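First the structure, in the form of structure tokens, and then the observations on it.
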There are 2 protein chains.
Amino acid sequence: MDERESSPLVTLDALRPVTPPRNLTREVVDRLQAEITGGNLKPGSRLPTEQAMMAAMGVSRTVIREAVAALRAEGLVLTRQGVGAFVAPDVLQRPFRIDPETMGSLGEIVHVMELRTGVEVEAAGLAAERASAPEKKRMEHALKAIDRSIKRGEQAVDQDFAFHFAIAEATHNPQFIRFLEFLGSFIIPRQSVRAAHTEPAGQRSYLETIQGEHDRIFAAIRDGKPGDARIAMHAHLMRSRERYSRLAAELARR
Amino acid sequence: MDERESSPLVTLDALRPVTPPRNLTREVVDRLQAEITGGNLKPGSRLPTEQAMMAAMGVSRTVIREAVAALRAEGLVLTRQGVGAFVAPDVLQRPFRIDPETMGSLGEIVHVMELRTGVEVEAAGLAAERASAPEKKRMEHALKAIDRSIKRGEQAVDQDFAFHFAIAEATHNPQFIRFLEFLGSFIIPRQSVRAAHTEPAGQRSYLETIQGEHDRIFAAIRDGKPGDARIAMHAHLMRSRERYSRLAAELARR
DNA sequence: ACTTGTCATGTTGTACGATGAGCATACATC
DNA sequence: GATGTATGCTCATCGTACAACATGACAAGT
């Protein structure tokens, strides 16, 4: 019996990356955050002074200050020079996040696409009400850029996004622009999955079908028909969603 | 002519809270963040050393360290003692935030409501496709709770939200639930403005009108009609938006 | 009585020096 | 080639000092 084969250090469980240790700043952030979210430190209330926290936690002022800077960046705390640090009044207003880890699952991608559908349908309706002539021109240019990309045998990913972005801009509502930018971070995995499952000839036909849908969306916006724009955008995004729903179902069967 | 009446300091425009100055840490955070989100500092790439940044920006190491702590808290940067600070690999996947400061403006409230419209319209359509019998029951109970609150002379704020929340749950998509929770943080100012501008008798009539709209939404969902659900929800939220658009226009004229 | 000015005290913001801890690389040894 | 050691670099923490800001108390003026 070889000794090395029974050593626990040779098992796969041990041979994985070592997690870096937490530093003191992280520890202080977590403690203060727990006090805030746990309700012991109410919105608007004043945190202990730096000196008091130093004494109570046994760390230097640097660690306290860096922790407060971190909490400030997270929007949990406001500081006023000469006065003190305070729990932010709107502390419960946390950001909306999509965990990138969940985007590895096709089912989760579909969920995000459903959310996107709602936002983009409403954007199309608002754009039809509000788009200026230059903004309509921009959409038209974006459509032409998609055409050119398809002719070159490319997938028109960036150009596709630019078209949708132009619609968001035409809403004259910065929240739509920002939300689409936010969602833009999560579009890439979708595109790569598309590339992986479509043959070149079928892919071009597919892209041209999508471009037809784009044309219908644009026509409704150009002609100032919000209802038509919504319907066209909804149909366009519904088709993409169905494709991914089918993929998700196939993978679930494996 | 009294001198004080012509002094510019007596006008309402000057007599508002003075914005505290940005500190150096904030300045450094914004600069580094711009480099990261602007693409000059790629995910995984190493930031300049603390000494280099001190020299380049003309600030002390304290300011640099506090800025890096803030960026770390926002997930943009990872630090390794002895090695350096690095742009986080998944840096482009940022949270979606609504700045609470902007919610003091009625125009911005309308923007957020427009975004919410898109999400809730799609949620209503999906709920009509997917709601189970218990979930429909939950919506029905929520409607009854609104009725009871109105009869008591209350504004049914929480009950109203519960009805919309039940719809989001019936989508079987956690992103809708999470987004509505996220938006829930911003609903309160809307409710308070509503209270300030409606007389008691008109308010009850208004709430009953809204409840009629809720009934139409619920009927479409219960009967499994996604198109009708979307139209009813859109009409419901459009009316709220128009009210606030009118308020914003009135305030702009003052 | 009310308003303005001054001063003392407290608190955050910034800067700097020092030491320790962790990491990567270079070089020596086997 | 593998292992051990030394060195230099960089972040983490601590401590001191001064600047800037804010608040409250008290005095002086009207």
Side-chain angles (χ1 to χ4, degrees), chain A residues 4 7 9-10 15-32 36 41 44-88, chain B residues 2-4 7 9-10 15-32 36 41 44-88:
Chain A
R4 276 178 302 175
S7 163
L9 285 182
V10 185
L15 292 185
R16 66 185 190 273
V18 179
T19 308
R22 288 153 62 87
N23 57 29
L24 295 181
T25 302
R26 181 76 249 170
E27 179 71 32
V28 172
V29 167
D30 289 350
R31 286 198 191 180
L32 292 176
I36 293 171
L41 282 174
S45 67
R46 190 163 164 282
L47 265 67
T49 63
E50 292 173 356
Q51 298 293 334
M53 291 193 275
M54 285 164 64
M57 300 192 199
V59 297
S60 75
R61 191 175 166 212
T62 303
V63 173
I64 298 292
R65 290 195 54 80
E66 288 180 16
V68 169
L71 291 168
R72 207 163 46 215
E74 294 181 0
L76 293 184
V77 163
L78 306 172
T79 56
R80 288 190 57 200
Q81 180 173 340
V83 187
F86 298 84
V87 179
Chain B
D2 190 354
E3 277 188 358
R4 274 177 304 174
S7 163
L9 284 182
V10 184
L15 292 185
R16 62 184 194 273
V18 179
T19 308
R22 290 153 56 90
N23 58 31
L24 295 180
T25 301
R26 183 76 248 168
E27 182 68 35
V28 172
V29 168
D30 288 352
R31 285 198 192 181
L32 291 177
I36 293 170
L41 282 175
S45 67
R46 188 163 165 285
L47 265 66
T49 63
E50 292 173 353
Q51 298 293 334
M53 290 191 277
M54 286 164 64
M57 300 189 199
V59 295
S60 76
R61 192 174 163 213
T62 303
V63 173
I64 298 292
R65 289 194 56 78
E66 287 181 16
V68 169
L71 290 168
R72 206 159 53 214
E74 292 182 0
L76 292 188
V77 163
L78 307 172
T79 55
R80 291 187 58 199
Q81 180 171 341
V83 187
F86 298 82
V87 181

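Keep in mind that what you see is a predicted model, and the values were worked out from it rather than measured.
Contact of B/Gln81 with D/dA12 (side chain to base): no donor-acceptor pair of N or O atoms is detected under 3.5 Å. With hydrogens and angles left out, the side chain of B/Arg80 and the base of C/dA24 share no donor-acceptor pair within 3.5 Å. Side-chain N/O atoms of B/Thr62 and base N/O atoms of C/dC16 include a donor-acceptor pair closer than 3.5 Å. With hydrogens and angles left out, the side chain of A/Arg61 and the base of C/dT14 share a donor-acceptor pair within 3.5 Å.
As a whole-Å value, the separation of B/Leu24 CG from D/dA20 C1' is 12 Å. For A/Arg65 and D/dT16, the CZ to P distance is 17 Å, given to the nearest whole Å. Atom CZ of A/Arg72 and atom P of C/dT12 are 11 Å apart (whole Å). The distance between atom CD1 of B/Ile64 and atom C1' of D/dA12, rounded to the nearest whole Å, is 16 Å. The nearest whole Å value for the distance from the CG atom in B/Leu71 to the C1' atom in D/dC11 is 15 Å. Rounded to an integer number of Å, the gap from B/Phe86 CZ to C/dC23 P is 12 Å. In this structure, the CG atom of A/Asn23 is 11 Å from the P atom of D/dC14, given to the nearest Å. Put simply, CD on B/Gln51 is 14 Å from C1' on D/dG8, counting in whole angstrom units.
When distances run from any side-chain atom of B/Ser60 to the nucleotides C/dG13, D/dA12, C/dC16, the shortest one goes to C/dC16. Candidate nucleotides D/dT13, C/dT14, C/dT11 were compared by shortest atom distance to the side chain of A/Thr49, and C/dT11 ranks first. Listed nucleotides D/dC11, C/dT14, D/dA12 differ in distance to B/Val63; the shortest reach to its side chain belongs to C/dT14. Here C/dT12 is the nucleotide among C/dT14, C/dT11, C/dT12 with the atom lying nearest to any side-chain atom of A/Glu50.
Toward the 5' end of DNA chain D, the nearer of the two residues B/Ala85 and B/Pro21, judged by each one's closest nucleotide, is B/Ala85. Nearest-nucleotide positions on DNA chain C for B/Val83 and A/Leu47 put A/Leu47 closer to the 5' end.
Side-chain atoms of B/Arg26 never come within 3.5 Å of backbone atoms of B/Pro21 as a donor-acceptor pair (strictly under, hydrogens ignored). Listed for the B/Arg80 side chain is no donor-acceptor partner under 3.5 Å among the backbone atoms of B/Phe86.
Across all non-hydrogen atoms, the minimal contact from B/Ile64 to B/Val28 is CD1-CG1, 4.2 Å. Smallest separation of non-hydrogen atoms from A/Ala88 and A/Gly75: CB-O, 3.3 Å.
Contact check for B/Asn23 versus B/Glu66: no side-chain heavy atoms found under the 4.5 Å cut-off. Contact of the B/Arg72 side chain with the B/Thr79 side chain is registered, since non-hydrogen atoms from C-beta on lie closer than 4.5 Å.
Across all strands, B/Val59 comes closer than 4.0 Å only to sugar-phosphate atoms, never to a base (heavy-atom distances). B/Arg26 comes within 4.0 angstrom of no nucleic acid atom, judged by non-hydrogen atoms across all strands. At a threshold of 4.0 angstrom between heavy atoms, the contacts of A/Arg46 are confined to the sugar-phosphate backbone, with no base atom among them.
The phosphate of D/dA12 has neither OP1 nor OP2 within less than 4.0 Å of any side-chain N or O from A/Thr25.
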Show every donor-acceptor pair shorter than 3.5 Å between a side-chain atom in residues 49-57 of chain B and any protein atom, with sequence neighbours excluded, or say none if there are none.
unit_1, atom_1, unit_2, atom_2, d
B/Thr49, OG1, B/Ala52, N, 3.1
B/Glu50, OE1, B/Arg61, NE, 2.7
B/Glu50, OE1, B/Arg61, NH2, 3.1
B/Glu50, OE2, B/Arg65, NH1, 2.6

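With respect to B/Val87, the side-chain contact (heavy atoms from CB on, under 4.5 Å) criterion is satisfied by exactly one of B/Leu32, B/Ile36, B/Leu76: B/Ile36.
Direction of the helix axis in the helix from C/dA1-D/dT30 to C/dC30-D/dG1 shifts by 10° between the two five-pair termini, rounded to 10°.
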